[in-house]
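First comes the structure, then the notes that go with it.
Just so it is clear: chains get the letters A, B, ... in the order the sequence lines come, proteins before strands, and each one is counted from 1.
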Amino acid sequence: MRDIRSLDLNLLKTLNALLDEGSVTRAAERLALTQPAVSGMLNRLRDSFDDPLFVRAQRGLVPTPRAQALALPIKRILGEIEGMLQPEEFEPVSASFTLSIAATDYAQRTILLPLLAELRRQAPGIRVAARPVDNQRVQQQLESGELDLAILTPESTHEGLHARHLYDEQYVCAMRKGHAAAGGLDLDRFCALEHVIMSMAGDAFSGVTDEALAALGRQRRVLLSLPSFLLLLEVLRNSDLIAVLPRRLIQPGDGLQILEPPLTIPGFRKLLVWHERTQQHPAHRWIRALLAEVCN
DNA sequence: CTCTGATCTTTATGTGTTTC
DNA sequence: GAAACACATAAAGATCAGAG
């Protein structure tokens with residue numbers, strides 16, 4: 001067993017790359033080293049940690065429990081070192097980097113749009129890549145750096161990620177201005193009208209509203225299901241269809257009438273989620289604070 | 001300044017697994 | 001069972017840091 005003097009930063013970076021890639025060859029590519037070099041580094045890591053770290057399996061290398069346990073501390077340490085190398089005071093005006101954020105269609109409109117406006121004003125050098133949310137992969141994406149931030153609901157967050165509460169959202173009923181029901185809406189009228197809903201996948205014609213109705217022994221008529229809020233707003237403006245939508249989705253300029261729904265529909269909570277990797281990073285701390293600010 | 005040891009490179013090869 | 005792929009190992013040369 002070696003001691004810490006032989007464990008240099010390059011070995012930690014290599015271990016991190018190996019944990020991410022699960023392959024000596026791919027880790028070597030990522031580190032701009034040759035495969036034999038990384039193979040040799042893995043041997044030194046094995047020596048340092050007195051553990052095989054990775055064993056060969058049917059498909060590539062599989063980390064041992066020891067290696068898995070090291071993943072988080074290593075990312076934290078590398079993240080902290082990264083943070084140490086940044087200027088002590090983060091300067092938004094001169095900052096230049098790309099930020100990857102996973103957000104739903106809804107969150108892109110209600111959260112990312114105002115964030116982008118603020119960034120243009122305060123930190124014009126920061127580019128933003130908005131990405132769709134893939135619940136299966138989001139944890140791994142945040143861990144590897146494929147994503148920097150994700151805007152999620154508590155149900156889809158994972159153990160071990162950092163989260164900050166952004167806001168609680170409520171549902172409202174939306175229809176075009178001048179709609180026959182614009183004066184008021186009771187439950188009977190609500191159920192009699194024709195609805196459009198937003199649905200990315202799955203049971204396309206039923207959502208939280210329908211569950212709340214079912215609990216009362218009622219149902220509504222959903223005629224149209226759309227995968228995009230943008231299109232949905234257009235449909236509302238140009239038809240007598242109505243929709244139950246998150247309140248923040250509707251802006252004053254949208255030309256829509258908003259009413260309280262005639263029944264209680266549970267809202268949802270939006271969280272900003274990130275990985276330990278970026279916890280100490282001055283730029284990321286600044287961005288997270290800015291995001292929370294634009295949500296108020 | 002020179003020697004030594006560590007680690008990188010490239011190139012070549014061994015070995016085990018997967019795929020067709 | 002051959003071909004393709006991935007990891008390990010080895011040899012030879014380059015580079016660099018630290019010791020003396």
Atom-to-atom span, [atom1] of [X] to [atom2] of [N] - whole angstrom:
X	N	atom1	atom2	value
A:K13	B:dC8	NZ	P	12 Å
A:L42	C:dA6	CG	C1'	13 Å
A:R44	C:dT9	CZ	P	13 Å
A:M41	B:dA6	CE	C1'	12 Å
A:L11	B:dA6	CG	P	14 Å

Next on the checklist: I'd like to know if A:Q35 reaches the base of C:dA6 with its side chain, counting only an N/O donor and acceptor under 3.5 Å.
Outcome noted: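 For A:Q35, whose side chain was compared with the base of C:dA6, there is no donor-acceptor pair (under 3.5 Å).
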Item to check | Aromatic ring proximity, centroids under 6.0 angstrom, A:F190 and A:H195 | outcome: yes
Just compare [options] and give me whichever is closest to any side-chain atom of [X].
X	options	value
A:T34	C:dC7, B:dC8, B:dT10	B:dT10
A:A37	B:dT9, B:dT7, C:dA8	B:dT9
A:P36	B:dC8, C:dC7, B:dT10	B:dT10
A:T25	C:dT9, C:dA6, B:dT9	C:dA6

Checklist entry - How would you label the contact of A:R26 with the nucleic acid (heavy atoms, under 4.0 Å): base, sugar-phosphate, or nothing? => result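 No contact at all - A:R26 keeps every heavy atom at 4.0 Å or more from the nucleic acid.
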Next on the checklist: Does A:N43 reach a base, just sugar-phosphate, or nothing at all? Heavy atoms under 4.0 Å.
Outcome noted: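 Sugar-phosphate, no base atom in range.
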Item to check | Pairing of A:R137 and A:E146 as salt bridge, 4.0 angstrom limit | outcome: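 A salt bridge is present here (some side-chain N lies under 4.0 Å from a carboxylate O).
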Only distances under 3.5 Å count here; give the side-chain donor-acceptor pairs of residues 68-81 of chain A to other protein atoms, sequence neighbours excluded, each with its distance to 0.1 Å.
from, atom 1, to, atom 2, distance (Å)
A:K75, NZ, A:N16, OD1, 2.7
A:K75, NZ, A:D20, OD1, 2.8
A:K75, NZ, A:D20, OD2, 3.4

Got a list of side-chain donor-acceptor pairs under 3.5 Å for residues 125-132 of chain A, not counting sequence neighbours?
from, atom 1, to, atom 2, distance (Å)
A:R127, NE, A:T98, OG1, 3.1
A:R127, NH2, A:T98, OG1, 3.1

Next on the checklist: Would you say A:R46 places a side-chain N or O within less than 4.0 Å of OP1 or OP2 belonging to C:dA8?
Outcome noted: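 Yes.
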Checklist entry - Distance check: side-chain N/O of A:S23 vs OP1/OP2 of C:dC7, anything under 4.0 Å? => result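 So the side chain of A:S23 is within the cut-off, an N or O lying under 4.0 Å from OP1 or OP2 of C:dC7.
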Next on the checklist: Can you confirm whether the side chains of A:H179 and A:Q257 place a donor and an acceptor under 3.5 Å from each other?
Outcome noted: no
